[in-house]
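The shown structure was predicted, so the numbers you read here are calculated from the model rather than taken from an experiment. Ligands are counted one by one from 1 in listed order, and the atoms in each one are counted from 1 as well.
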Amino acid sequence: MILITGGAGFIGANFLLDWLTQSDEEVINLDVLSYAGNLENLVSLNDDKRHIFAQGDICDSTLTARLLTKYQPRAIINFAAESHVDRSIQDPEEFIQTNIVGTFRLLETTRAYWSTLENKAKQNFRFIHISTDEVYGSLASEDEAFDEDHRYEPNSPYSASKAASDHLIRAYYHTYGLPVLTTNCSNNYGPYQFPEKLIPLIIVNALAGKLLPVYGDGQQIRDWLYVKDHCAAIRLVLEAGTPGETYNIGGRNEKPNIDIVHTVCALLDTLYPRADDKRYQQQITFVTDRPGHDRRYAINSKKIERELGWKPIETFETGIHKTVRWYLDNQIWVRNVQSGTYRKWIDKNHKERAL
Ligand code: NAD
Ligand code: TYD
């Protein structure tokens, strides 16, 4: 079996659901269920014995050691993190705790467990750390996309905490020989994404008749990756990646934020027209920019394409269509998410932006 952390969050839940449609290998899912962890994402696995859920914190070494000894996983995939840049600006402490201390504790417990394994199991063991392109900092429009050798220049408390965790991962390979691999991916989108991130926030606000907040001039560029393409890349890295290596994963979809917002609005105009027949784009409003807002991210995925044969299947057009459709078909999920603490936080964030 494998152990994943953060499997009730956006990418972890997609990974888990996809994994169990393709394999019978059991998965232990360690998740603290922060505001971003939602077991409703996994409701289809309620009677599935292949999913073993453990509520707990990656900082809790006693718990993780117990899970490792009991279940003897062949691999760990670390999705658990505080993941939202805006939250990291308002309240960085939790990012240091989970992303840095949590990764460190998980590495230490894993190292102790790994050292007890027999030769073959030890050799075959893998620890995959899921990281972000944000560790590389911001690109100018003429710069080459980030490759794996790009220097680390994190600009937000979120990206700095992820960068620190990446360095710990690297150190555990070089110092202890722990078979770790790191993936640095670009912005994911797709089903089950918490509506604090750009794409689901725009869909949900549009349907609720609210304003659609675009930070600054809306010309910041992200490289959008459909979450299921990302999950396929992680499966490949697990099975065929080389320990000690890093793989960058991007969607080949560089787009300015304002274009993303217009695309979502246009799709909604077709799939779910406003009752008054006006267009959703009239809800767009430009708001105060995010402090230290990175201008552009872009990923060079050539290494994983060349070495592991991965390529994204979705274009932005197909992926965004599926995503908007999913949110339209899952409005109960959205309502349930919104009734939690998330609502209070998002109100605060956007009030301070003087909408
Ligand atoms: P998310 O915020 O949706 O989910 C994070 C999950 O981790 C939640 O289920 C939460 O309950 C859990 N968690 C948080 N702290 C924990 C702790 N201390 N112990 C155990 N569980 C804990 O995040 P996501 O978007 O699914 O991101 C997953 C990973 O991918 C993160 O490491 C993130 O940095 C990375 N990443 C995400 C994106 C993106 O666009 N979403 C892009 C690049 C990298
Ligand atoms: P986000 O989804 O928060 O991801 P990240 O900061 O990790 O890239 O934001 C994506 C882009 O959209 C980013 O440039 C900030 C911008 N943005 C807005 O313009 N309005 C919003 O309400 C949000 C949440 C983000």
Side-chain angles (χ1 to χ4, degrees), residues 4-16 29-39 41-42 54-60 63-64 77-89 94-95 97-99 101-103 105-106 129-135 138 155-156 158-159 161-162 165-166 183-190 192-202 205 211-225 227 230-231 234 249-251 255-258 260-261 284-290 293-297 299 346 349-350 353 355:
I4 69 172
T5 70
F10 164 48
I11 303 175
N14 275 286
F15 180 85
L16 186 48
N29 174 11
L30 171 64
D31 195 303
V32 79
L33 296 183
S34 73
Y35 79 94
N38 183 356
L39 283 180
N41 300 350
L42 304 173
Q55 184 172 3
D57 194 325
I58 57 168
C59 297
D60 182 348
L63 171 66
T64 48
I77 308 176
N78 184 30
F79 293 97
E82 286 295 328
S83 66
H84 189 33
V85 174
D86 291 322
R87 283 180 191 264
S88 84
I89 293 167
E94 204 53 50
F95 288 73
Q97 205 51 37
T98 286
N99 299 359
V101 178
T103 303
R105 297 241 173 95
L106 190 61
H129 179 62
I130 308 301
S131 191
T132 169
D133 57 0
E134 305 195 21
V135 297
S138 185
N155 292 320
S156 73
Y158 164 66
S159 53
S161 67
K162 291 297 287 187
S165 68
D166 293 5
T183 59
N184 295 83
C185 68
S186 56
N187 284 62
N188 283 222
Y189 68 101
Y192 303 109
Q193 187 166 31
F194 207 84
E196 62 182 352
K197 307 276 169 67
L198 179 67
I199 289 179
L201 182 96
I202 294 302
N205 276 15
L211 293 173
L212 310 180
V214 174
Y215 297 170
D217 62 2
Q219 292 302 325
Q220 300 80 10
I221 292 174
R222 300 292 182 262
D223 178 353
W224 295 92
L225 170 65
V227 65
H230 181 204
C231 294
I234 298 167
I249 308 167
K255 305 229 181 273
N257 294 337
I258 190 66
I260 299 288
V261 176
I284 294 174
T285 178
F286 289 87
V287 298
T288 318
D289 207 355
R290 171 188 283 171
H293 198 172
D294 286 337
R295 198 71 184 161
R296 173 177 168 238
Y297 304 139
I299 281 266
I346 210 94
N349 183 35
H350 286 289
R353 277 179 204 288
L355 272 179

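At least one N/O-N/O distance between Y215 and ligand 2 falls below 3.5 Å. An N or O contact shorter than 3.5 Å links R290 to ligand 2 by distance. Between E134 and ligand 2, an N or O atom pair is found at a separation short of 3.5 Å. Considering backbone and side-chain atoms together, H293 places an N or O closer than 3.5 Å to an N or O of ligand 2. Taking any N or O of E196, backbone or side chain, none lies under 3.5 Å from an N or O belonging to ligand 2. At a 3.5 angstrom cut-off on N or O pairs, R222 counts as close to ligand 2. Geometrically, ligand 2 and P213 share a nitrogen or oxygen pair separated by less than 3.5 Å. In terms of N/O distances under 3.5 Å, ligand 1 is approached by K162. Polar contact with ligand 1: present for I11 (N/O pair, distance under 3.5 Å).
At a heavy-atom cutoff of 4.0 Å, ligand 2 is contacted by no atom of T132, backbone or side chain. Counting heavy atoms closer than 4.0 Å to ligand 2, residue I202 contributes nothing at all. Within the 4.0 Å heavy-atom criterion, the part of Y158 lying near ligand 1 is the side chain and not the backbone. Contacts with ligand 1 closer than 4.0 Å are made by backbone heavy atoms (N, CA, C, O) of L33 only, the side chain lying farther away. For N257, every heavy-atom contact with ligand 2 shorter than 4.0 Å involves the side chain, none the backbone.
Within the listing of ligand 1, atoms 28 (C), 29 (C), 31 (C), 32 (O) sit less than 4.0 angstrom from a heavy atom of F79. Listed by atom number, the atoms of ligand 2 under 4.0 Å from L201 heavy atoms are 22 (O). Each of the following atoms of ligand 2 lies closer than 4.0 Å to a heavy atom of K197: 2 (O). In the vicinity of T132, heavy-atom distances shorter than 4.0 Å reach the ligand 1 atoms 43 (C), 44 (C). Taking every heavy atom of S131 and a limit of under 4.0 angstrom, the matching atoms of ligand 1 come to 43 (C), 44 (C). Close contacts between ligand 1 and G56 involve ligand atoms 19 (N), 20 (C) [criterion: under 4.0 Å to a heavy atom]. Those atoms of ligand 1 that come under 4.0 Å of a heavy atom in D57, given as number and element, are 17 (C), 18 (N), 19 (N). Close approach of ligand 1 to N187 is summarised as follows: ligand atoms under 4.0 Å from at least one heavy atom of the residue are 40 (O). When each atom of ligand 2 is checked for a heavy atom of H84 under 4.0 Å away, the hits are 3 (O). Residue C185 approaches ligand 1 through these ligand atoms, each under 4.0 Å from one of its heavy atoms: 42 (C), 43 (C), 44 (C). The distance from ligand 1 to the heavy atoms of S83 drops below 4.0 Å at these ligand atoms: 1 (P), 2 (O), 23 (O). Below 4.0 Å from some heavy atom of N187 lie the following atoms of ligand 2, by number and element: 4 (O), 5 (P), 7 (O), 8 (O), 10 (C). In summary, the atoms of ligand 2 found under 4.0 Å from a heavy atom of V214, numbered by their order in the structure, are 19 (O).
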Pair T132, Y158 - check side-chain contact (heavy atoms from CB on, under 4.5 Å), show working.
CA-CA 10 Å; T132 169; Y158 164 66; 3.7 Å; yes
Evaluation steps, salt bridge (charged side-chain N to carboxylate O under 4.0 Å, His left out), between R87 and E196:
CA-CA 10 Å; R87 283 180 191 264; E196 62 182 352; 2.7 Å; yes
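Contact annotation: T5 has no heavy atom less than 4.0 Å from any atom of ligand 1. Residue contact annotation: A8 has a non-hydrogen atom under 4.0 Å from ligand 1. For S186, the closest heavy-atom approach to ligand 1 falls below 4.0 Å. Every heavy atom of Y192 sits 4.0 Å or more from the atoms of ligand 1.
Considering only non-hydrogen atoms, atom 1 (P) of ligand 2 lies nearest to L198 out of N188, V85, L198, N205. For atom 19 (N) of ligand 1, the candidate residues are I234, I4, N38, I58; the nearest heavy-atom contact is made by I58.
With contacts defined as side-chain heavy-atom distances shorter than 4.5 Å, the pair T98/V32 does not qualify. A 4.5 Å side-chain heavy-atom check between H293 and V85 finds every atom pair outside the cut-off. With a 4.5 Å cut-off on side-chain heavy atoms, L225 and I299 do not count as touching.
Under the side chain to side chain donor-acceptor pair (under 3.5 Å) rule, N99 has a single partner from S161, S83, S88, S131, which is S161.
Of the possible polar contacts, none joining the D31 side chain to the T5 backbone as a donor-acceptor pair under 3.5 Å is found.
In terms of protein heavy-atom proximity, atom 8 (C) of ligand 1 is closest to D31 OD2, 3.6 Å.
A salt bridge is absent between R296 and D133: the closest approach of a Lys/Arg side-chain nitrogen to an acidic carboxylate oxygen does not fall below 4.0 angstrom.
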